[in-house]
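Okay, so here's the structure we're looking at.
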Amino acid sequence: MSNEQSNPDAMVQWYRNRIAEPTTNDEVYGYWVFVFGILLGVLGMLLFLTSDVTTATTTGKSGIALAAISLVLLMIGPVIRLPLRRTANLVSYAGGFVALLGVAGFLVAYPGWRSSGLAVPVISVFALGLVLVAVGAALVPLVGGSRRAPTTEADAAVADRDGDPGAETTDTAETVDTAAAESDTDPDAEPVAEPPKSKARFEVFQDRGGKWRWRLRHRNGNIIADSAQGYSSRQKAEQGLASVRKNAPGADAVREEVEVEPEEEPADAPYPPGESQGTFEMYEDAAGEYRWRLVHRNGNIVADGGEGYADHDAVDDAVERVREQVGPADYLRIDPTAFEVYRDAADEWRWRLIHRNGEILADGGEGYASRTNAQDGIGRVRERAADEGAFEVFEDSAGEYRWRLVASNDEIIADGGQGFASERGARDSIGRVREYVDEASALDYRGAAFEIFEDSAGEYRWRLRHQNGQILGDSGEGYASRTGAIDGLRSVKRNAPNAGLDDLDAGDDADSDGDEE
């Protein structure tokens, strides 16, 4: 069993973080082919424009060729992204290959292709390739249909099996075995209550080694289970999946005492005593106040107190509080969504539901007097969002469609925070909120917690806040991204608990606890 995202591909991870959760890996690869086509096209135009157009130079020739290849990639990219049948993909790929043959012919025949009579054949080959790409993308689906648009649940599994075996495909956990279940049903048997709608789906895919596997993915993106072994064919993988669906509901849970390998420590686990790579430094600033900072052995300041103290003892106490609280202190993990509670410019507390791609799915629409009240507001939204009828869609004065979530007493407790061009867009937004709201995490203050926020300069920072509201420490510097701020606070979580304390004003005679030898 696996609980981690099983796709380490950097392109897929970037797409997931910056754009949206991809349905398949092909969606991501098609996007990158399209982007590469744009870049080649720009490069080709620059080469052509900077060449001597009155003579057939190598630069101009290369520019024309790159522009032609760019056109092929711009057409192939969307084809890869589209959920087409294998036949449609093959026709389009064949067209791309033919078009590239035309480009190769141009490179060989140019510039004397007109006098040699090769201009028309070369252009015809290139045009034929583009036509084949268009036929595969448009005409074949019109004749044969899409592999992701089955008309019945029983057709869903068939449509998947007829699809591209090289692309990741998905089957909902509820419908994979519908046809088989119907054929095995006894007509004289008692009717069985329909099972509740699953929050997960099975995915059948081909790994990098060419083996077929299945996995069960929750709608929040987590992998609940997988096949653990590869199969030689897609059919065998689906048979293994069907066996799990058939046998799992009635399987007994047996607790076995077995020897297991110890799990690896998380990336933010504190270093053991004596192995910390950081040191607390106590110093006196220009105003005569005493401060502390946590310095990594590479010289970087990874945290500081953010305020001055009257004497050494106060700094000692502040460092000790940080040592105690920083290890267990949690931080908000957006996977793929989370509720973020923050204080606005008017010093009021607010919440918002954010996706890891940066999109704000919902917010409270009003400020609260305290963090606790804002967290209570999140709880009310979780409960109320289960009732689809509690959402209202309306058209504002600007002609945009918006939605709001209304409590039983008609109080507005959440809204989309933005307008949509159509009513359907607003309702799609409601569907996403209802999908994520139950599983979205929210930071729970127990002792202390790290807050990640965006400052007025657009940089990300962190601060360690005690549950009583006191700021125990902060990053001292801004980061270009939320990920950078998280990496910074995780370094503090590793180094601070067992870091020694040096009094810079006391010289080199201080031991690791700040006491003179």
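Treat the numbers as computed from the prediction; the structure is a model and nothing was measured.
Within the 4.5 Å cutoff, the side chain of Ser441 has heavy atoms near those of the Leu332 side chain. Counting heavy atoms from C-beta outward, Leu361 and Val437 have side chains that stay 4.5 Å or more apart. Proximity of Val381 to Trp351: side-chain heavy atoms (C-beta onward) are separated by under 4.5 Å at one or more points. A heavy-atom distance below 4.5 Å is not found between the side chains of Leu464 and Asp474. Looking at heavy atoms from C-beta onward, Tyr460 lies out of side-chain contact with Thr483 at the 4.5 angstrom threshold. Between Ile76 and Phe34, the closest side-chain pair of non-hydrogen atoms is not below 4.5 Å. Annotation: side chain of Ile354 is in contact with side chain of Ile334 (closest heavy-atom distance under 4.5 Å). Annotation: side chain of Val341 is in contact with side chain of Gln375 (closest heavy-atom distance under 4.5 Å).
Both the sub-6.0 Å distance and the 45° axial angle are not jointly satisfied by Arg465 relative to the ring of Phe450.
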Audit row: Val204, Trp212, side-chain contact (heavy atoms from CB on, under 4.5 Å) steps and yes/no: CA-CA 7 Å; Val204 178; Trp212 288 94; 4.1 Å; yes
Set out, in order, the CA-CA distance, both residues' side-chain angles and the distance that settles side-chain contact (heavy atoms from CB on, under 4.5 Å) for Ile413 and Val406, then state yes or no. CA-CA 6 Å; Ile413 58 176; Val406 183; over 6 Å; no
For a side-chain contact (heavy atoms from CB on, under 4.5 Å) check, start with the C-alpha distance between Phe339 and Arg382, then their side-chain angles and the critical distance, and finish with the verdict. CA-CA 11 Å; Phe339 282 101; Arg382 289 189 194 273; 3.5 Å; yes
Verify salt bridge (charged side-chain N to carboxylate O under 4.0 Å, His left out) between Arg371 and Glu451, making sure each step is shown before the conclusion. CA-CA 12 Å; Arg371 175 187 296 277; Glu451 296 175 348; 2.2 Å; yes
Can you list the steps and then say if Leu405 with Val433 is a side-chain contact (heavy atoms from CB on, under 4.5 Å)? CA-CA 11 Å; Leu405 180 60; Val433 171; over 6 Å; no
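To the nearest 0.5 Å, atoms CD1 (Ile80) and OH (Tyr31) are separated by 14.0 Å. The distance from atom CG of Asp376 to atom CZ of Arg380, rounded to the nearest 0.5 Å, is 9.0 Å. With rounding to the nearest 0.5 angstrom, the CZ atom of Phe453 is 10.5 Å from the CD atom of Glu459. For the atom pair CZ (Phe106) and CD1 (Ile69), the distance works out to 10.5 Å, reported to the nearest 0.5 Å. Atom-to-atom distance recorded for Leu66:CG and Leu71:CG is 13.0 Å, nearest 0.5 angstrom. Once rounded to the nearest 0.5 Å, the distance linking NE2 of His296 with OG of Ser491 reads 5.0 Å.
Under the 3.5 Å distance criterion, the side-chain polar atoms of Arg333 are left unmatched by any main-chain donor or acceptor of Ala338. In this structure, the side chain of Asn495 does not engage the main chain of Ser276 through any donor-acceptor pair within 3.5 Å. Remark: the backbone N or O of Ala329 is paired with a side-chain donor or acceptor of Lys493 at under 3.5 angstrom. The closest donor-acceptor contact from the side chain of Ser92 to the backbone of Val79 lies at 3.5 Å or more, if one exists at all. Checking side-chain atoms of Asp415 against main-chain N and O of Gly417 turns up a donor-acceptor pair under 3.5 Å. Proximity of a side-chain donor or acceptor of Arg213 to a complementary backbone N or O of Lys211 within less than 3.5 Å is not detected. With Arg434 contributing its side chain and Ala385 its backbone, the two residues share a donor-acceptor pair below 3.5 Å. Although no hydrogens or angles enter the test, the distance criterion places a donor-acceptor pair under 3.5 Å between the side chain of Arg323 and the main chain of Ala499.
When every heavy atom of Ala440 is checked against every heavy atom of Leu353, the shortest pair comes out as CB-CD1, 3.6 Å. Between Ala65 and Leu107, the shortest heavy-atom contact is CB-CD2, 3.7 Å. When all heavy atoms of Gly96 and Val72 are compared, the pair lying nearest together is CA-CG1, 3.9 Å. Of all the heavy atoms in Trp214 and Ala237, the pair that sits closest is CD1-O, 3.6 Å. Pairing each heavy atom of Ala99 with each of Phe126, the nearest pair is O-CD1, 3.3 Å. Closest approach of Val133 and Gly95 over heavy atoms only: CG2-C, 3.6 Å.
Looking at Tyr271 and Gln277, their side chains do bring a donor and an acceptor atom within 3.5 Å of each other.
Surrounding CZ of Phe36 are at most 12 heavy atoms belonging to other residues, nucleotides or ligands under 6.0 Å away.
A salt bridge is absent between Arg402 and Glu392; no separation between the charged side-chain nitrogens and carboxylate oxygens falls under 4.0 Å. Between Arg482 and Glu340 a salt bridge is recorded (basic side-chain N to carboxylate O distance below 4.0 Å).
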